[in-house]
Amino acid sequence: MITLKKTQRFTKEVRSDKESALISCPEYVAQHIAKQASSMGKFTRAIELCSCIGALCIQLGKYMDNVIGIELDEKRIKMATSNSKIYGVSDKVNFIQGDVLDHSLLKKLQADIVFLDPGWSTRKMDRSSHVNSVDDTKPSLRKMFNLTRKYLTTNIVARIPATITSLELENLGYSRIENIHIDGILVFKVAYFLEDLSKSYCVVIKFK
Ligand SMILES: C[S@@+](CC[C@H](N)C(=O)[O-])C[C@H]1O[C@@H](n2cnc3c(N)ncnc32)[C@H](O)[C@@H]1O
């Protein structure tokens, strides 16, 4: 385990490992996602599938009463639990160790909105290493999406690589697709699949 120094990526010293430091959602983007999602409906119970060190769950805890992160890696669960204390949201945010494709686990949970953040690269900026299909993320975004719709809710937000096209996303349903640019570079997309959309649309969100 390492303690990341305060940077633009995280404004507090968070517990992490080297890989998580690269694959977790930067705090300012997680803050944006949490705010954007909470402005799109009355959501009080959120679940994140693939919660890693808790970067997104922590920001969701600022807007929602009850947040659960599910993560396979026990060490990351421990780091996420420490991080939620560091950010003062541990009363609202809890982490469960488990497989997000486990039907029996998902069946027991309840949520108004679910966030999906599967793995798609450990080589942060190298676009050629990013997967370009919703079936190839780890675990498969399509499987996570379908299980979420079956057991939890149709309000789904997914963080995905920029290499996945809007057309491919539309196979899952209509969504608001945010192209997230950091320092002028498109780094990933966030798709908000919400019940009342009658078509997909794209917007650009820029961070310095
Ligand atoms: C991109 S990271 C998530 C980042 C996280 N949302 C954050 O902002 O800190 C993907 C995570 O999915 C986890 N993971 C991979 N397969 C999984 C599975 N089948 N069930 C649960 N977690 C899984 C990995 O261990 C990794 O921590």
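First listed ligand is number 1; within each ligand, the first listed atom is number 1. As a basis for the values below, the full set of heavy atoms in this structure was taken, side chains included, without hydrogen atoms, waters or symmetry mates.
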Under a 4.0 Å heavy-atom cut-off, what residues line ligand 1? I23, S24, C25, E48, C50, S51, C52, I53, G54, A55, L56, E71, L72, R76, G98, D99, V100, D117, P118, G119, K138, P139
Run the salt-bridge test on R159 and E48 with the 4.0 Å N-O cut-off and return the result as yes or no. no
Please answer: with hydrophobic residues joined when any side-chain heavy atoms are less than 4.5 Å apart, are I160 and L116 in the same cluster? yes
Can a donor-acceptor pair be found between the side chains of T44 and D112 at a distance below 3.5 Å? yes
Is there a donor in the side chain of Q59 and an acceptor in the side chain of Y87, or the other way round, less than 3.5 Å apart? no
What distance do K107 atom NZ and L105 atom CG have between them, rounded to the nearest 0.5 Å? 11.0 Å
Supply the atom-to-atom distance C57 SG to F95 CZ, rounded to the nearest 0.5 angstrom. 4.5 Å
